[in-house]
S.K.: 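This is the structure, below, for whatever I ask next.
Start at 1 and go down the list; that is how both ligands and their atoms are numbered.
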Amino acid sequence: MTADTLQPLQADDLATVRAWRNHPDVQRHMFSTHTIGEAEHQQWFARQQADPTRRLWLFRRGGQPLGFVHFSGVAPGGVAEWGFYAAPGAPKGTGRALGQAALARAFGAEQLHKVCGQVLAGNTASLAFHRRLGFAEEGVLRQQHRSADGAHYHDVHCFGLLRADWPGPALETTP
Ligand SMILES: CC(C)(COP(=O)(O)OP(=O)(O)OC[C@H]1O[C@@H](n2cnc3c(N)ncnc32)[C@H](O)[C@@H]1OP(=O)(O)O)[C@@H](O)C(=O)NCCC(=O)NCCS
């Protein structure tokens, strides 16, 4: 079996993750689409590290870094929000493996009650990803997100997965 791991993001990983985040294939699906500079990225990392309800994980497959996933609102029995991206150019199936590993950790060690995700309309990969992982589509916030140029409004799809509805870990993961 391919070894899939999730490890807390380290300072040494920041350059890799910032390059992924600024790649057009990731950036265009985010709620903020400006290019993130090194100082801004380091400040963001410091803020996340100081918040005990946040988790930042690097996903590796066979030792190779292939994705990033983060949670906010983490507490036993809590309702958390997640966000993620696969490394641009990562093999097909990477997102699904990352999602399964992250949910195994979220509902396992972190004891969450519910994981929520928000997806901009038009992000067909992420819409399919959430549905495939068993999330329920709980609503659409109409024209909730204004584009950076102020010219367009995009619907936001709200997804939720309850611990009770989660089918369980499909992949072996190590801390
Ligand atoms: C969303 C993301 C993590 C999915 O990862 P991935 O490696 O492309 O996804 P997988 O290959 O594991 O496929 C997962 C599901 O999405 C579907 N999918 C993947 N890319 C797709 C695309 N471009 N269009 C439609 N469906 C797509 C797959 O068919 C699969 O569904 P299925 O099992 O029903 O066939 C990845 O595309 C990504 O990082 N996108 C940019 C960042 C982003 O959008 N993050 C989420 C913000 S809400």
S.K.: Only counting residues at least two apart or in another chain, list the ones meeting side chain to side chain contact (heavy atoms under 4.5 Å, CB included) with E137.
M.R.: R131, V140, H157, F159
S.K.: Classify the ring geometry of F84 against H130: parallel below 30°, tilted from 30° to 60°, perpendicular beyond 60°.
M.R.: tilted
S.K.: Taking only residues two or more places apart in sequence or in another chain, which ones pass side chain to side chain contact (heavy atoms under 4.5 Å, CB included) with H70?
M.R.: L56, F68
S.K.: Please output the side-chain donor-acceptor pairs of residues 10-19 that fall under 3.5 Å, not counting sequence neighbours, one pair per line with the distance.
M.R.:
unit_1: Q10; atom_1: NE2; unit_2: P8; atom_2: O; d: 3.0
unit_1: D13; atom_1: OD2; unit_2: Q10; atom_2: N; d: 2.8
unit_1: R18; atom_1: NH1; unit_2: I36; atom_2: O; d: 2.9

S.K.: Examine distances only and state if a side-chain atom of D155 and a backbone atom of R142 form a donor-acceptor pair shorter than 3.5 Å.
M.R.: no
S.K.: Quiz question: by atom type and distance under 3.5 Å, do the side chains of E40 and H34 form a donor-acceptor pair?
M.R.: yes
S.K.: Less than 3.5 Å apart, N/O on ligand 1 and N/O on the protein: could you list those pairs with the distances?
M.R.:
unit_1: ligand 1; atom_1: 7 (O); unit_2: G95; atom_2: N; d: 2.8
unit_1: ligand 1; atom_1: 11 (O); unit_2: G93; atom_2: N; d: 2.7
unit_1: ligand 1; atom_1: 12 (O); unit_2: G95; atom_2: N; d: 3.4
unit_1: ligand 1; atom_1: 12 (O); unit_2: R96; atom_2: N; d: 2.8
unit_1: ligand 1; atom_1: 24 (N); unit_2: T124; atom_2: OG1; d: 3.3
unit_1: ligand 1; atom_1: 33 (O); unit_2: R132; atom_2: NE; d: 2.7
unit_1: ligand 1; atom_1: 33 (O); unit_2: R132; atom_2: NH2; d: 3.4
unit_1: ligand 1; atom_1: 34 (O); unit_2: R132; atom_2: NE; d: 3.2
unit_1: ligand 1; atom_1: 34 (O); unit_2: R132; atom_2: NH2; d: 3.4
unit_1: ligand 1; atom_1: 39 (O); unit_2: A86; atom_2: N; d: 2.8
unit_1: ligand 1; atom_1: 44 (O); unit_2: N123; atom_2: ND2; d: 2.7
unit_1: ligand 1; atom_1: 45 (N); unit_2: F84; atom_2: O; d: 2.9

